[in-house]
S.K.: 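Would you mind keeping the following structure in view while I ask a few things?
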Amino acid sequence: MSPLNPPRRLLFTAGPTQVHPRVYEAMGKPIVGHLDPYFFEVSEDIRRDLRPVFGTANPFVQVISGTGSAGMETSLANFVEPGQKLAVFTAGYFAERFVEMGRRHGANVACSSKPWGETFSEAEASDFLNRERPHAVAFVHAETSTGALQDLGAITRPAHAVGAITIVDCVTSLGAMPINVDANGVDVAFSCIQKGLSCPPGLSPITVSPAAVERLRARKAPCPIWYMDLKLLLDYYEGAHRYHHTAPISTFYALHEGLALVLEEGVEARFARHRAVHEDFLQRIEAAGLEMFISDDARRITTINTIRVPEGVNEVQVRKRLLDRYDIDIAVGFGQLAGKIFRIGLMGPLATPANVDLLSGALLDCLR
Ligand SMILES: *Cc1c(COP(=O)(O)O)cnc(C)c1O
């Protein structure tokens, strides 16, 4: 077998994104056992440091072993029981994953759907939820497949008005955009670590409001997925430290360092840096005659720029040229948006003015 020799790419993608050198270094540190007191110190630090990034004072903050989808599955498996009504707002690929998973868990799924790229107003959400009266409401904050940002309160307010708990996919926003879980009335928020947090994939941070924790405790039937049972995980991480599964220690080290980088920079400063870099990039591409897919600035994710593919351009060819000529990886549209958009991430260590220069120059060259 040939030795591993991965190419050095610049990951201007929707994820995984560029990993900071300090995170790689952390992953090479010696592992300890998953019941070692040192491991629980690391996991305690992580729980503490995730709070300001989520924007929450929730005591319940955990990480699930698995990627962002594991957080989604954990949320549904623990907070929606078979037969209960789950309302999902969909206008993109990841929201549709909520629907698919909800059905597999036996939920009675009610869907409010719009074309990909749109978002929901408070009046629309309120109408739908008053009609459906669900037990839980699920939606995506930053829809990576389209570049659209959903205003959180527009859905959480009407959801709480009908007594539903709110489950929000924050996979692309955590670490690079404000979420403000508490102020926005989010009961269950989950994410990943390979997008806004600039770590390799493998963990899914999740936070749960005290009200939702009460529902969890009141639940009679056990969570149908043993591996993602939050009660058992609490007992491992916070309670008796009883063995549940072998936590991926090196990935915990990565997240520990990833969060240290966020807090050293300052959460607000990091969000502001991502916004400034997004605006810089926007100016360049608009000056070059390119057009954003999401027309309204307030509904754009700052970390994923979705750009319309110009007439007559093959987006897959452009992506290949960027990879061949510049070692730059970008993402393109899929599903309803296949052939229609580029999806370009500017996150973590790549979110700098120098990289905007490099990226816009390379993109324009490869579009020619
Ligand atoms: C990437 C992503 C997911 C899935 O996360 P994985 O880490 O690929 O499992 C879910 N939701 C959104 C919005 C995403 O961007």
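In each ligand, atom 1 is the first atom listed, and ligand 1 is the first ligand listed.
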S.K.: Does Tyr38 have Lys29 sitting over its ring (NZ/CZ under 6.0 Å from centre, angle to axis within 45°)?
M.R.: no

S.K.: Does Asn314 use its side chain to pair, donor to acceptor, with the backbone of Gln317 at less than 3.5 Å?
M.R.: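 The answer is yes, because a donor-acceptor pair under 3.5 Å joins these two groups.
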
S.K.: Using a 4.5 Å cut-off on heavy atoms from C-beta on, say whether the side chain of Phe342 contacts that of Phe293.
M.R.: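 Phe293 vs Phe342: side chains apart.
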
S.K.: Side-chain heavy atoms under 4.5 angstrom apart, residues restricted to Ile, Leu, Val, Met, Phe, Trp, Tyr: same cluster for Phe120 and Ile301?
M.R.: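 Unlinked, Phe120 and Ile301 end up in two clusters.
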
S.K.: With under 30° as parallel and over 60° as perpendicular, where do the rings of Phe89 and Phe139 fit, or are they tilted in between?
M.R.: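 If you compare the ring of Phe89 with that of Phe139, the planes turn out perpendicular.
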
S.K.: Ignoring hydrogens and geometry, is there a side-chain-to-backbone donor-acceptor pair from Gln18 to Leu11 under 3.5 Å?
M.R.: yes

S.K.: List, ordered by chain and residue number, the protein residues whose closest non-hydrogen atom lies under 4.0 Å from any atom of ligand 1.
M.R.: Thr67, Gly68, Ser69, Phe94, Arg97, Val140, Ala142, Thr144, Asp169, Val171, Thr172, Gln194, Lys195

